[in-house]
Amino acid sequence: MSRTFGEIVCWAQRRLGGAGIEGARQEARWLVAGLMDIEPGELITRDRDPAPAGFAAKLDPLLRRRAVGEPLAYLTGNTEFYGRIFKTDARALIPRDDSECVVELAFELMPAGETLGVADLGTGSGCLLVSLLTGHPWTRGTGVDLSAEALSLARENAALNSVEAKADFFAGSWADWTGWGEVDLIISNPPYIASDIIETLDRDVRDYEPRLALDGGPDGLDAYREIIVLGAEKMKPGAWLVLEIGYDQKAAVTALLEAAGWTGILHRRDLGGNDRAVAAQRPVG
Ligand code: GLN
């Protein structure tokens, strides 16, 4: 006799719980709903329906992958960020809720109705760039990334969120990108984890997410040193730089900005209460 969806959720929960996954019930529901192509909230109304033949066999490899630590968002293939859906896979870092305050800080600095040029350095999944383009419809933007794979995902996310006509992409180092002097605002969530700390991160992050998106060098600040100095040399007067930072990097990044002559420095915290966003402006005069 075939099992119901509700029974399959319980089975999946036991498998994930047995593998030490916290929140096993919720993750089981997300995976089952994902395979059914419905919202997890709709599962309640389908709990007693018999699952089609082969459903558990399709779920089984996903449970195996999750049990060894592959992030849930790589298995479901998408996640929500700033109210929109983004495709997620091993090509780029998974969008984090923590980064939403970085987008919000950028919006504070982008006057409504004005045509602006923006760029996202180390765009990865494209979540910051796409959020700026969708939330501020007068904007055009460039996503810069060293990883051609990440850029292919960012392009797909721009298309998924209907901003592909306003987005372009540069594959290469931000040092080689020639658009610095043309944009009004640069946003970036660069790699900022100190190299030694990477081995201590959760295995989901450490073993599955791209190192290139995480490793900020010996003290975690390498990317900030480059971006802050290049921006100071090349960005136009009045242009803004908006950076995501690690919870303990506020003082260090602020000092780098001040040393390079940036002004009007602003800080914001994420929903967890950690310092997470810094903005600074090129002097106008
Ligand atoms: N916030 C991410 C993490 O701690 C790191 C992101 C980054 O290095 N830019 O997993």
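Counting convention: from 1, in listed order, for ligands and their atoms alike.
A parallel orientation is assigned to the rings of His136 and Phe107, their planes being inclined by less than 30° (bins at 30° and 60°).
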Atom pairs and distances, ligand 1 N/O vs protein N/O under 3.5 Å:
from: ligand 1; atom 1: 1 (N); to: Tyr192; atom 2: OH; distance (Å): 3.1
from: ligand 1; atom 1: 8 (O); to: Tyr192; atom 2: N; distance (Å): 3.0
from: ligand 1; atom 1: 8 (O); to: Ala213; atom 2: O; distance (Å): 3.4
from: ligand 1; atom 1: 9 (N); to: Asn189; atom 2: OD1; distance (Å): 2.7
from: ligand 1; atom 1: 9 (N); to: Pro190; atom 2: O; distance (Å): 2.6
from: ligand 1; atom 1: 10 (O); to: Arg96; atom 2: NH2; distance (Å): 2.8

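In Glu233, the CD atom is crowded: over 12 heavy atoms of neighbouring residues, nucleotides or ligands sit closer than 6.0 Å. Heavy-atom neighbours of Glu149 CD from other residues, nucleotides or ligands within 6.0 Å: at or below the threshold of 12.
Remark: Arg282 is not positioned above the aromatic ring of Trp240, lacking an NZ or CZ atom under 6.0 angstrom from the ring centre and at most 45 degrees off the axis.
Look at Arg268 and Glu104 and you find no salt bridge, because none of the NZ, NE, NH1 or NH2 atoms lies under 4.0 Å from a carboxylate O.
Judged purely by distance below 3.5 Å, without hydrogens or angles, the side chains of Ser195 and Asp215 pair a donor atom with an acceptor atom.
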